[in-house]
Each structure stands twice: as structure tokens, then as C-alpha cells.
**Student:** 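Got a structure for you, written out below as C-alpha cells; questions coming shortly.
Every value quoted in this text rests on a predicted model; they were computed, and no experiment measured them.
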Amino acid sequence: MIKLTGLSKKYGKTFVVRDASALFPKGEVTSVIGPNGAGKSTLLSMASRLTGSDAGVVLIGEKLLAQWDTRELARHLAVLRQSNSINMRFTIRELVSFGRFPHTQGRLHDNDNNIIDNALEHLGITDFQHRYIDELSGGQRQMAFIAMVVAQDTDYVFLDEPLNNLDIKHSVEIMHTLRDLAHKLNKAVVIVIHDINFASCYSDRIVAMKQGEVIKEGTVAEVVCKEVMESIYEIPFDIQEIGNQRICLYYNS
Amino acid sequence: MRDSARRDAVKITLLALGCLAMIAWFIGQGLTIDNYQFFLSLRFPKVLAIILAAIAIATSSLVFQTITNNRILTPSILGFDNLYVLIQVLFVVALGSAHAWITSPMVNFILSCFVMIGFSLLLFYFYFKRLGRNIFTLILIGIICGSLFSSVTDFLTMVIDPNEFTNVQDAMFASFNNINGELVYLSTLPLVLCLAGFMFYSRQLDVLWLGTDNATSLGLDPVRITRRIMVLVTVMVSIATALVGPVLFLGLIVVSLTRELFNSYRHRTLILASSLLAVLLLIAGQWFVENVLTFQTTISVLINLAGGSYFLFLLMRNRIN
């Protein structure tokens, strides 16, 4: 489990994240939602040690973030940011192999190759594993990066907007994969996501943010309701229950 | 992919054979029973100097491009060449051309190395300590320092005695024609240690291709690695420059050619390949200077000519990204 307590980050005098607390339990998909500039990505970066925080603590498992050795932490926590421009030609398989780096420091053994095969299989990219990433579409490349994170095989997985620029098919496949990671392999999966209906249908927990603060945190039923959604997005919401799934309708506002 | 690894291995073997053949011919050309002692005592340090300089410049440029995540930068952008020339001019201005610091190659070499390494480390120290992490600010500071050094050099060379100026002029161009044997042997150990350092970090450098955030996620500390690599690059470039003079343009050609020839991301392969390629090019260039141009010019003119043309070629093909 990851527990954030009172996290704050400011640039100059403006708070990007202020006094945010949240819980990311194992075996569950937690989505962080909120309008642009709500501090979602910053919160994710602080929780995954990509950015330092100005106040507050991050508890990862039994230890505080600061007490973890970076190399050791990489075997427990993986994070993927949204823009991944790479200045080098890799094949998909080579890219995914990097996920094993924290475990092997670069020397692959048989079981590492099995894990890489499984990760490729999981994301459905086995067939073009020998193609170069610059020859792929945005969606396929995103699948490759997620496969790398899957191959890293960590207890905690953080993804910043994994559905960015993806079509519906790829989005659904990725969300299925993430839910499997949480439910079948008992990982804590945390995603920052803009599509609230994807968040509502695929997450176990939702953290709603606005202007750097966590407004509401809890199960889908607790957070995806008219009052909370209208207060964070500041537009009228109509929320329907369709086959056990809560769907937000906001197009006619 | 097995295939591309095998193809790379074949290319490296061919390059290595090419180097060996070139070195053997360069050393063995026209040797007879009577003259071999004399020729070998001249040629051996020269070949060793070429090999050391080639490897130092090729590998430092390669890893510098990795840590800056940029394919056209070389360490020369930090102003090492300009600083070296400035040091030489300052010695002459302050002490006169007859002083031991200028006339004794050993003293001059050690002093130049220390001043260059010391200055760069000081710059890094303040930089990383005070200003944080972004390497591009460091590069911009380097560019500014470089042009400052070069302006000061220009100013000083204008005002000094023309006779003293001729002393300085030697230092301004790279040359393997009058290499001092002792200096070559002296620089071998530190250069080999730096190269071993690059090899030690090679797998972590591979991970740096993925960018800082991904590298952090994979358990690296990119800031710390960048700092250490910068120190190694500085030591290597300073020694190479003090040994043969300013030849940093070579780095751009060699690294870029290596990337054209080898489709690998592995620094082990790239370090080996670029070293061999650099040795091959420099020895061929030196042979050209000695036999075709009959010592009419120095190799740095040749390097700048070839490097400049190649750079324009890269720009025209729009392959710089």
C-alpha cells in the first residue's frame, strides 16, 4: 500500500499541490481525475519519486520514500510519464527488455526472457516485437511502453495518462490489462486519466482533485456522483447507471 | 535481435582488422635492419598518441551525446579547445616564451591538464551545487566561457611580441608530428582508467536513452550518473587536448559515422566501434598528411575540412535529430 500524507509542492509562491493525502491500496486500480492544472501529474510524480515534494510524506509499503534505495525501489515501483520521446532506435523487444534492468542490471537470464515474452503477450504486441519503435503508430508505441512497465513486475505501477491519444480499442485493451494487473497479480495500479467514464468503469477507487487539493477520495460510487463531479469540473452533470456502470453525461451542458 | 548483433560483431572485427593493418603499415613502412631502431623510436609514440587521442575523443563525444540526449553536441562545446589555447597564451604572456613552463613539454602538459580539469570541475561544482540539474544551462555557460576564452586569446595574441606569438601558434593546431614520447606514456594510464569508467557505466548509459523519468523509474539516479560521466569526459578531453592539441571536431564525425554503421543502442558496442573507427580515420589522416601532403599542413586542418563538410552534409540530409 502507498499512503500519501499532506503532500505539497509549490513553484515560486503558487501551490501546485497543497496538503494532499491519498491511499493507493494493492489489488486495486486507483484513478486520479480532475480538470487541467489540478495537480494530478505532480501528485503522481511526487508519489513515484520523479519530483521532490516541499512538504508531506510518502509511505511505500513499510518504509518512507526517502528511506528507499533507488535501485531497490525500482523493483517495487514503476512509473510511466505521458510523453516519451526517444532519441534512439530500439525494437519493441529491446525496449520492453529495459523493464528487467532493475532486477538484472542489464544481463538477461532465461526467466527474464519469459517475463518479457509474457509482457509482450499481455499487451498483444508479440507479433511485431522486432519492429523499431519509430516505425509504429502512437498507440502501438504506448502499448510497448506499458509492456516495459509490466515487465518491470513491480508491486506499484503508476501511469500518467496511459490513454493519451489512443483509439477506443487500444484504450479498452490497456484498461483491461491494468485491471488484470491489479486484480489477478495483486498490484497497486494508479493512473492519471481524463476520460471520467473510463475511470468510472475500470477503477476500484477514485481520487478527485481540483486546484491542487484532493476534493474527494473513495470508491467509484462515492466519487462519481453529481455533486462531486459538478464541483470539480464546474459544469452540469447527468449521471446514469447502465448495467452496474456509472456513466457521466455532460455533453449537453 | 541475434542477426543485428552478429552483423555488428562482423563489422567490429572488420574495423579491428583494418586498424591493425593500418597501424602495421604505418609503423612498418620502409623499415630495414639498419634503420628500424631509429624509425620505431619515432613512430611508436606517434602511433600510440594517435590511438589514445582517437579513443579519448570518440568515446567522450559518444557518452556526452547520451547524457545531453543530443546528437550533434561534442564536449568541445564546453570550450576545452579554447581554454587550452588560452592557457598556452597566458603562460607566454605572463612568463615569456623562454620559461620552463613553456619549453618543457612535461611541465607544460601537466600544468595544462590540471588547469583544464580544475577549471571544469570548479564549474561543475558550482553548477550542480547551486543551480540544480538541467545540463543545458551548463552547456550554455560552457559556450559563453568558450567564447570568452577565445576573445581573450585573440586580444592577447594581438598585443604580444610577434616572436612570442610564433611559440603560441604551435599550440593552436593539433599535430602528431612532434609528439613527446614520455607524455604519451604518462597519459596512457589515466585515459585507460577513464575508458574503463565508461565501460563500467555502459549499461546504465543504455538506460539513459529512455530519458530521465524512465531511467529514474528503472532505478538509476540520472543526476549522479551525469555528474560522474561529466568528470570522466573532462579528464579525457583535457588530457587528449593537452597531448595533441585541439581535435575535438573529430568526435562529431566519428560518433555520427558510428551511428550510421551500427544499428545498436548498446554503449559497449558503440564505444568499441567508435574507438576503432576513430583510430582508423586518424591514422589514415596522419598517413595522408605525411605522404601525400608531405607535411605541408597539420591533421587538424584535414579534420576540420572533413568535419565541416560532413556536418553540412548532415544538415542537408536533415538527419540531425
**Student:** Test your reading of the model: is there a side-chain donor-acceptor pair from D204(A) to the backbone of V29(A), 3.5 Å cut-off?
**Tutor:** yes
**Student:** Which one, R71(A), Q152(A), R93(A), R100(A), leads in non-hydrogen pairs under 4.5 Å with chain B?
**Tutor:** Q152(A)
**Student:** Considering only heavy atoms from C-beta outward, does the side chain of V32(A) approach that of I193(A) to under 4.5 Å?
**Tutor:** no
**Student:** Please test V189(A) against F158(A) for side-chain contact (heavy atoms from CB on, under 4.5 Å), starting from the C-alpha separation and ending with a verdict.
**Tutor:** CA-CA 6 Å; V189(A) 177; F158(A) 288 81; over 6 Å; no
**Student:** Listed by residue number, which members of residues 201-217 of chain B have a heavy atom under 4.5 Å from any heavy atom of chain A?
**Tutor:** R203(B), Q204(B), D206(B), V207(B), W209(B), L210(B), D213(B), N214(B), T216(B), S217(B)
**Student:** For F98(A), is it the side chain, the backbone, both or neither that has a heavy atom under 4.5 Å from a heavy atom of chain B?
**Tutor:** both
**Student:** Between atom OG1 of T226(B) and atom CG of N69(B), what is the distance when rounded to the nearest 0.5 Å?
**Tutor:** 10.5 Å
**Student:** Using a cut-off of 6.0 Å, state whether more than 12 heavy atoms not belonging to E121(A) lie near its atom CD.
**Tutor:** no
**Student:** Answer whether the closest heavy-atom distance between the side chains of V58(A) and K3(A) falls below 4.5 Å.
**Tutor:** no
**Student:** In terms of heavy-atom proximity below 4.5 Å to chain B, should L73(A) be classed as side chain, backbone, both, or neither?
**Tutor:** neither
**Student:** For S31(A) and S203(A), test the side chains for any donor-to-acceptor distance below 3.5 angstrom and give the result as yes or no.
**Tutor:** yes
**Student:** Would you kindly check if the NZ (Lys) or CZ (Arg) of K11(B) is within the cone defined by 45 degrees around the ring axis of F262(B) and under 6.0 Å from the six-membered ring centre?
**Tutor:** yes
**Student:** What part of S264(B) is in contact with chain A, defined as an atom under 4.5 angstrom from a non-hydrogen atom: side chain, backbone, both or neither?
**Tutor:** backbone
**Student:** Would you call D153(A) and K187(A) a salt bridge, using N to O less than 4.0 angstrom?
**Tutor:** yes
**Student:** Check the surroundings of atom CG in D110(A): do more than 12 heavy atoms from other residues, nucleotides or ligands lie under 6.0 Å from it?
**Tutor:** no
**Student:** In residues 36-45 of chain A, which residues are in contact with chain B at a heavy-atom separation under 4.5 Å?
**Tutor:** none
**Student:** In terms of heavy-atom proximity below 4.5 Å to chain B, should F145(A) be classed as side chain, backbone, both, or neither?
**Tutor:** side chain
**Student:** When you measure from the side chain of Q140(A) to the backbone N and O of S137(A), does any donor-acceptor pair fall under 3.5 Å?
**Tutor:** yes
**Student:** Has the side chain of Q65(B) got a donor or acceptor atom that lies under 3.5 Å from a matching backbone atom of L62(B)?
**Tutor:** no
